[in-house]
Structure formats: structure tokens, C-alpha cells
Amino acid sequence: MPPGTHSWLEEVTGVLVTHEHPDHLDTAGIRWIQERGLPVWASRVDAPNLRRKGLTVHELDDGALGMAVERIPARHGRGLLSWLMGPVSGYDLAHPDEPSVYLTSDAVLTEERLEAVERLRPDVIIAPAGAANMGLGGDILFSVDELVTLVRRAPGEGPAGEAVRIARTECLL
Ligand SMILES: [Zn+2]
């Protein structure tokens with residue numbers, strides 16, 4: 001984790017779970033949430049199972065926390081692999097007093113994601129990338145090229161333009 005992560009984690013007031021893969025939420029993560037009594041926000045799909053794990057879960061629907069919320073189902077791979085990876089929820093979160101955020105969650109680039117950034121015009125896009133794969137069935141996360149394509153499709157010259165430069169820099173390192 002980057003420097004400063006532990007002090008940032010002390011400021012957490014809630015947790016958004018996009019899907020239930022153990023690299024996102026494992027036993028240690030569940031314990032960490034419970035020890036702090038943090039509320040969890042998740043889709044209607046994931047909420048029942050997360051409650052069975054002992055978490056306090058709210059469904060992240062439109063209007064939650066004073067935000068316009070749109071769930072944008074993600075494709076965590078292509079074809080059969082996407083189905084095997086199970087449901088994954090991306091979100092566009094727009095609070096009137098804050099920059100809007102599109103959290104893609106674990107995804108590959110598809111027309112739905114391109115349509116979402118064009119239509120919703122998020123100020124910030126958070127997109128896990130790195131072209132991870134399982135040795136079969138292709139990538140399960142954005143490649144750098146897909147990330148650049150996504151950001152280039154985003155209208156405006158706001159922070160998303162900066163993300164293109166960041167993606168290019170990462171590519172060179
Ligand atoms: Zn995942």
C-alpha cells in the first residue's frame with residue numbers, strides 16, 4: 001500500500017463493497033470493519049450475503065447519503081469468464097457539493113462503460129487497471145490502453161484529462 005495508507009484508513013467513515021471477491025473483502029477486512037462499527041454500502045445483489053457475514057449493510061440506491069446514485073454493472077472479464085467472476089457493481093456517485101465520481105470497480109472496457117462516462121460526465125473516474133488475468137480467458141481488469149480510451153471518451157477538460165497523463169506515466173515506468 002502507498003505511504004500514508006494507514007493514517008487515511010483511520011479517517012474511514014463507511015465502506016462501499018462493489019463485489020465479494022476475497023481480494024476486496026476477506027476475513028481480516030470484515031473484522032476491521034466490525035471493530036470500527038463501520039456501515040457498509042453495497043448493491044441489492046451483495047447485501048444479503050454481506051449481512052450473513054455479520055456486517056451492517058445498507059443498499060446503495062439512488063438518494064443514499066444525499067447523492068444521485070447509479071449502479072453500473074461491470075464486466076469483470078469477457079465471455080464465460082465474466083459470468084464466472086459473478087456480479088460486480090460499478091457506481092456513479094454525484095453529491096451536489098462534491099465532484100462526481102464514477103467508480104468502475106473491477107472491469108474491462110465495454111460499450112457500457114464508454115456510454116456511462118459520456119452520459120454521466122463524471123468529474124473523477126476511479127478505475128482499477130493492470131490487465132490482470134488468470135492465465136485463461138483474457139484480462140479481467142482494464143489494460144492501460146483501455147483506461148486511456150475510457151478517459152479520452154470522457155467529456156470535458158477536468159480531472160479526467162489529468163488521468164490520461166497519469167496512465168501514460170505509469171505505462172512508461
Ligand atoms: Zn474482483
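Both counts, for ligands and for their atoms, begin at 1 and track the order of listing. As a basis for the values below, the full set of heavy atoms in this structure was taken, side chains included, without hydrogen atoms, waters or symmetry mates. All residue numbers in this chain count up from 1 along the given sequence. Only a predicted model underlies this, so the values are computations on that prediction, with no experimental measurement involved.
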I need the minimum non-hydrogen distance between [X] and [Y], along with the two atoms involved.
| X | Y | result |
| --- | --- | --- |
| Lys53 | Gln34 | O-NE2, 3.6 Å |
| Arg113 | Ala74 | NH1-CA, 3.5 Å |
| Gly138 | Asn133 | O-CB, 3.4 Å |

- Query: Within less than 2.8 Å of the Zn ion (ligand 1), any N, O or S from His76?
  - Reply: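 Short answer: yes, at least one N, O or S atom is under the cut-off.
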- Taking 2.8 Å as the cut-off, does an N/O/S atom of Asp23 lie below it from the Zn ion (ligand 1)? no
- Task: Could you please compute the angle at the Zn ion (ligand 1) from ND1 of His21 to NE2 of His19, rounded to 10°?
- Result: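 Vertex at the Zn ion (ligand 1): approximately 90°.
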- Query: For the Zn ion (ligand 1), which N, O or S atom of Asp106 is at the shortest distance?
  - Reply: OD2
- Backbone N/O of Gly90 and side chain of Thr104: donor-acceptor pair under 3.5 Å: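 No; judged by distance alone, with no hydrogens or angles, the pair does not exist.
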